[in-house]
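Single-structure report; data block below.
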Amino acid sequence: MPELPEVETVRRSLLPKLAGHTITGVEIFWPRAVRYPEPEAFAAAIRGRRVEDLERRGKHLIIHLSGEQSLVVHLRMTGRLLYRDEGDEVSPYTTVLFHLDGGKALHFVDVRKFGAMHLVCAEEWDQVQSLRGLGVEPLSEEFTPAYLAAMLEGGRGPVKGRLLNQQRIAGLGNIYADEALHRAGIFPGRPAGSLSPVEVERLHAAIREVIAEGLAHRGTSVRDYVDGDGRAGAFQERLRVYRRTGRPCLRCATPIRRTVVAGRGTFYCPQCQEETGTGAGPQE
DNA sequence: AGTAGGACCTGGTGGC
DNA sequence: TGCCACCAGGTCCTAC
């Protein structure tokens, strides 16, 4: 689920609720969800810690705790972090349950069980492999057209593959990559290095635009995603290609197609996103 | 170097 | 209606 806008929405919804709570205990129902340290050590180390702040990096949610420890959570495909009352129903898909003071609890619910968490101090940061060498944040000042151009330069593989590479840009996933490429009028399978400077500019603007709009609508709820209160997002109503196979392109009415690019289901408009890449771009 | 393919899990959906 | 492939928003590992 969670790409950057979804994880950021979870962060914003949880911060005012979690901040100040002390973790009084933890129940681990699916030990593999706890990647570091070992589950027993994890449980012992997290008990008594107070939540100080919540940060996001790429698709990671980082819960900063007292005592210089941080809980790094990755929701992967179906993970949900839910702030609940103690005694509320616990879903059978709950992998880890944190008990909080004040009669509250934080449930990590994850149907597909791909979600993972690490409890690390500053020196152990490298234990979280997916945080190592993470690329730039797409809404940061570092992410410029020149950065995007350098990132795509010389690439013979599909441009979409580069957009999904977290070492280059942190936080883009399958939905927002497809949406950005459609808005920029670029076929996802085009070789990364084949984009003209004008196309790179358009793609840069489109990436920032879809991420910002996704955030403004509190994320995309296609299936599982909800924020820390269990509320769905609304950006799915504004998707222009993702999961719209056969339905008319909102720009030119050509039926949207599905294909596979970089191993991922990929949606595009064959009219607005020409495979040959003439550079003509989307026609208004 | 970079990319493709399988693995990790389980449930929902589209097509027959 | 019912069944069953196929598909799923992410990342990691291995093999080319």
Side-chain angles (χ1 to χ4, degrees), chain A residues 1-10 29-36 56-61 72-81 91-96 108-118 126-135 150-181 188-194 210-211 214-215 217-227 232-236 238-239 241-247 257-267:
Chain A
M1 12 179 25
E3 305 181 35
L4 189 159
E6 290 73 39
V7 178
E8 179 62 21
T9 300
V10 171
F29 300 112
W30 182 260
R32 285 154 73 178
V34 175
R35 299 295 169 85
Y36 184 88
R56 181 195 55 74
R57 263 300 270 137
K59 301 171 189 171
H60 303 261
L61 183 69
V72 181
V73 180
H74 200 304
L75 303 173
R76 294 289 190 98
M77 306 279 266
T78 57
R80 302 173 164 194
L81 275 175
S91 157
Y93 301 115
T94 303
T95 59
V96 181
F108 188 50
V109 181
D110 187 12
V111 170
R112 286 176 74 182
K113 297 178 176 149
F114 289 169
M117 51 183 69
H118 296 71
D126 272 1
Q127 293 292 334
V128 190
Q129 182 172 327
S130 51
L131 272 180
R132 265 181 274 170
L134 208 55
M151 182 186 121
L152 300 177
E153 191 178 1
R156 281 174 292 163
V159 57
K160 178 172 173 178
R162 298 247 165 157
L163 297 186
L164 294 177
N165 184 335
Q166 302 298 300
Q167 317 292 305
R168 300 177 191 273
I169 311 185
L172 271 189
N174 205 34
I175 295 178
Y176 291 93
D178 276 5
E179 293 296 318
L181 286 162
R190 289 265 306 281
S194 75
V210 294
I211 293 289
L215 266 175
H217 293 275
R218 299 175 21 260
T220 304
S221 294
V222 169
R223 188 169 287 170
D224 299 282
Y225 164 73
V226 293
D227 71 11
F235 193 62
Q236 63 279 6
R238 313 184 85 81
L239 298 176
V241 286
Y242 183 74
R243 284 189 66 170
R244 295 193 65 245
T245 309
R247 299 173 60 194
R257 285 192 196 157
R258 179 186 186 277
T259 183
V260 174
V261 173
R264 315 294 304 278
T266 296
F267 302 86

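Labels below follow one simple rule: chain letters A, B, ... track the order of the sequence lines, proteins then strands, and each chain is numbered from 1. The structure displayed is predicted, hence computed values, not measured ones.
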Item to check | Verdict with supporting geometry, Tyr242(A) and Phe235(A), ring pair (Phe, Tyr, Trp, His ring centres under 6.0 Å) | outcome: CA-CA 11 Å; Tyr242(A) 183 74; Phe235(A) 193 62; over 10 Å; no

Checklist entry - Is atom CD of Gln167(A) surrounded by more than 12 heavy atoms (other residues, nucleotides or ligands) closer than 6.0 Å? => result yes

Item to check | dG5(B) versus dC7(C) - spacing of their P atoms, nearest Å | outcome: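 That atom pair is separated by 14 Å.
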
Checklist entry - Mind checking the P distance from dG6(B) to dC6(C)? Whole angstroms is fine. => result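 Taking atom P in both dG6(B) and dC6(C), they lie 13 Å apart.
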
Checklist entry - dG10(C), dC12(C), dG11(B): which one has an atom nearest the side-chain heavy atoms of Ser130(A)? => result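 The listed nucleotide nearest to Ser130(A)'s side chain is dC12(C).
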
If I take atom [atom1] in residue [X] and atom [atom2] in nucleotide [N], what distance separates them, rounded to the nearest angstrom?
X         : N       : atom1 : atom2 : result
Leu239(A) : dA8(C)  : CG    : P     : 14 Å
Ile169(A) : dG10(C) : CD1   : C1'   : 16 Å
Leu152(A) : dA1(B)  : CG    : P     : 19 Å
Arg76(A)  : dC8(B)  : CZ    : C1'   : 8 Å
Lys113(A) : dA8(C)  : NZ    : P     : 22 Å
Gln129(A) : dT14(C) : CD    : C1'   : 13 Å
Met77(A)  : dG12(B) : CE    : P     : 15 Å
Arg258(A) : dC6(C)  : CZ    : P     : 12 Å

Checklist entry - With centres under 5.5 Å and planes under 30° as the test, does Phe114(A) stack with dT11(C)? => result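 Whether judged by distance or by angle, Phe114(A) falls short somewhere, so it does not stack on the base of dT11(C).
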
Under 4.0 Å between any heavy atoms, over every strand shown, what does [X] touch: base, sugar-phosphate, or nothing? Just pick one.
X         : result
Gly263(A) : nothing
Val222(A) : base
Arg162(A) : sugar-phosphate
Gly265(A) : sugar-phosphate

Checklist entry - Looking only at heavy atoms, what is the nearest atom pair of Ala33(A) and Val96(A), with distance? => result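 Of all heavy-atom pairs spanning Ala33(A) and Val96(A), the closest is CB-CG2, 4.1 Å.
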
Item to check | Heavy-atom check, side chain of Phe114(A) versus side chain of Thr78(A), under 4.5 Å | outcome: no

Checklist entry - Nearest nucleotide by nearest heavy atom, which residue falls closer to the 5' end of DNA chain C, Asn174(A) or Leu131(A)? => result Asn174(A)

Checklist entry - Which class fits the ring pair His74(A) and His60(A): parallel under 30°, tilted 30 to 60°, perpendicular over 60°? => result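 Perpendicular.
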
Checklist entry - Do any side-chain nitrogens or oxygens of His74(A) fall under 4.0 Å of OP1 or OP2 in dG10(C)? => result no

Checklist entry - For Arg156(A) and Trp30(A), take the nucleotide of DNA chain B holding the closest heavy atom to each; which residue's nucleotide lies nearer the 5' end? => result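 Going by which nucleotide is closer to the 5' end, it is Arg156(A).
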
